[in-house]
Protein chains: 2
Amino acid sequence: MTHLQPTVPSPPGGADRLWASVVGGDVSFLLARANFFSISKVNAALAPFGLKARSLSVLAIAASELRPSQRELADFLCLDARQIMLIVDDLECRGWVTREPAPADRRINIVVATTEGRRVHDEARASATAAGNELMSTVAASDFDRLSRALRALATPPREP
Amino acid sequence: MTHLQPTVPSPPGGADRLWASVVGGDVSFLLARANFFSISKVNAALAPFGLKARSLSVLAIAASELRPSQRELADFLCLDARQIMLIVDDLECRGWVTREPAPADRRINIVVATTEGRRVHDEARASATAAGNELMSTVAASDFDRLSRALRALATPPREP
DNA sequence: TATTGTTATACTCTATAACTATA
DNA sequence: TATAGTTATAGAGTATAACAATA
């Protein structure tokens, strides 16, 4: 690292020289930046469907046979109850999911996809997967399953209580 | 997967059964959830310093000898110019960075850490690194450098123009 | 008393465009 | 004309507490 950088007026490429800073080697930062591009790419691919990464996740789980409550969706997706409510409201308005009262506990809403919702999910999922694969193509194939395993570990930190 | 899940009222552990959905296998989702815990942990560690992951990154680069402009910080950290302005305002208020006009182009502000700013950075960095290491301890050591390399690849996608 | 879902509110973050001063 | 930084504003996301219904 030279003592005094010439302060070029930000070359067309961008600010790549800043990778030389400590921040460039910080795994938390790499994670944040990778997530930024991932979300951007997936959301762009989902825009034609009126979906985003989050709403697709809700729709996907509603389209499975897991019959999730809103609370479970909030816990799993790391969103608060209000976010889930807004997303479910939106999906319900478009006729893609319904709220079913749980027979065992009438406080609970089970979120279930409609036939149309499942159809939309299948289409949108294909589009999101394609976008994801395109991004992942920059990762060496030999690194991919380890990346997946490591991310899964980071995504399930040990519980506190 | 059974046909009809019993809809248990969200066991104390959480909603782990939802990992069985397609979402649980989606790398984009794993990335987002891993980033969520990473940011949470780092921000908690930095709270005593009045910093967050983002402001620490700005302070770190300002404390290096790279002499970044606000524009370069925005490009590198994937934030817009306004976010950088707010962060620099905040750091400047506390006397940790100053804005220096660039001699070659008077439109440009170079963000430089003060002596006190460098001292605070060193302390806060240690705390953030400790928090990061704690999270990374859940990743198999043999996976770590590949994770790092893969994240770096994801964090530098090929340019469009 | 505790929990689910909802409402309400405030705060942060993000995106956009317009303005200035420089180039 | 184009760019760096700022201002202004609106929109999206987040966090919190309070509430009704239910357990």
Side-chain angles (χ1 to χ4, degrees), chain A residues 7-15 32-33 35-37 39-40 43-44 46-47 50-55 57-58 67-92 97-111 161, chain B residues 7-15 32-33 35-37 39-40 43-44 46-47 50-55 57-58 67-93 97-111:
Chain A
T7 313
V8 297
S10 188
R33 208 176 126 127
N35 184 53
F36 173 83
F37 290 116
I39 292 280
S40 302
N43 281 353
L46 291 175
L51 290 167
K52 293 189 170 189
R54 289 169 174 195
S55 41
S57 293
V58 170
R67 300 179 58 79
S69 68
Q70 295 190 185
R71 163 68 39 201
E72 288 175 312
L73 288 169
D75 290 347
F76 183 64
L77 300 176
C78 299
L79 298 174
D80 67 19
R82 175 158 172 73
Q83 299 307 309
I84 296 297
M85 193 203 69
L86 293 172
I87 292 170
V88 173
D89 278 356
D90 176 51
L91 296 176
E92 195 174 39
V97 305
T98 58
R99 286 169 160 104
E100 287 185 14
D105 183 339
R106 284 185 297 172
R107 293 172 302 181
I108 292 176
N109 288 341
I110 310 280
V111 184
Chain B
T7 312
V8 297
S10 186
R33 208 176 125 125
N35 183 53
F36 173 83
F37 290 116
I39 292 281
S40 301
N43 281 354
L46 290 175
L51 289 167
K52 293 189 169 189
R54 289 168 173 196
S55 40
S57 293
V58 170
R67 301 181 57 79
S69 68
Q70 294 188 187
R71 164 65 42 200
E72 288 175 312
L73 288 169
D75 290 348
F76 183 64
L77 300 176
C78 298
L79 299 173
D80 68 18
R82 174 159 172 73
Q83 299 307 310
I84 296 296
M85 193 203 69
L86 293 172
I87 293 170
V88 173
D89 278 355
D90 177 50
L91 296 176
E92 196 175 37
C93 268
V97 304
T98 57
R99 286 169 158 104
E100 288 186 13
D105 184 338
R106 283 185 298 172
R107 292 174 303 179
I108 293 176
N109 288 341
I110 310 280
V111 184

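Each chain gets a letter, A, B and so on, in the order its sequence line appears, and its residues count up from 1. Everything numeric here is computed off the predicted structure, so don't read it as measured data.
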### Message
Please check this pair: side chain of B:R33 against backbone of A:F76, looking for a donor-acceptor N/O pair closer than 3.5 Å.
### Response
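Side chain of B:R33 to backbone of A:F76, a donor-acceptor pair under 3.5 Å: yes, one is there.
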### Message
Between B:N43 and B:A53 (side chain of the first, backbone of the second, donor and acceptor by atom type, cut-off under 3.5 Å), is there such a pair?
### Response
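Flag set: sc B:N43 to bb B:A53 pair under 3.5 Å.
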### Query
Quick one: which of A:I108, A:V111, A:V58, A:I110 gives a side chain to side chain contact (heavy atoms under 4.5 Å, CB included) with A:Q70?
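Answer to the side chain to side chain contact (heavy atoms under 4.5 Å, CB included) test with A:Q70 among A:I108, A:V111, A:V58, A:I110: A:V111.
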Rounded off to whole Å, could you give me the [atom1]-to-[atom2] distance for the [X] and [N] pair?
X	N	atom1	atom2	value
B:D90	C:dC13	CG	P	10 Å
A:I108	C:dT4	CD1	P	7 Å
B:E72	D:dG5	CD	C1'	14 Å
B:M85	C:dC19	CE	P	17 Å
B:I87	D:dG5	CD1	C1'	15 Å
A:N109	C:dT7	CG	P	11 Å
A:I39	D:dA12	CD1	C1'	14 Å

### Message
Salt bridge or not between B:D105 and B:R107? Use side-chain N to carboxylate O under 4.0 Å.
### Response
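Result for this pair is yes, salt bridge flagged.
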### Minimum-distance nucleotide to A:R71 side chain [options: D:dA4, C:dT4, D:dT7]
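So the side chain of A:R71 is nearest to C:dT4.
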### Query
Nearest to the side chain of A:R99 - D:dT6, C:dT6, C:dG5?
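Of the options given, the side chain of A:R99 lies nearest C:dT6.
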#### Entry: Summary of protein contacts for nucleotides 13-23 of chain D, nucleotide by nucleotide, where a base hit scores B, a sugar-phosphate-only hit scores S (4.0 Å, heavy atoms)
SBBB----BBS
Could you pull out all donor-acceptor pairs under 3.5 Å where a side-chain atom in residues 83-91 of chain A meets a protein atom, sequence neighbours excluded?
| residue | atom | partner | partner atom | Å |
| --- | --- | --- | --- | --- |
| A:D89 | OD1 | A:R99 | NH1 | 3.0 |
| A:D89 | OD1 | A:R99 | NH2 | 3.0 |
| A:D90 | OD2 | A:R94 | NH2 | 2.7 |

### Qualifying residues under side chain to side chain contact (heavy atoms under 4.5 Å, CB included), relative to A:T98, sequence neighbours excluded
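Side chain to side chain contact (heavy atoms under 4.5 Å, CB included) check on A:T98 returns A:E100, A:V112, A:T114.
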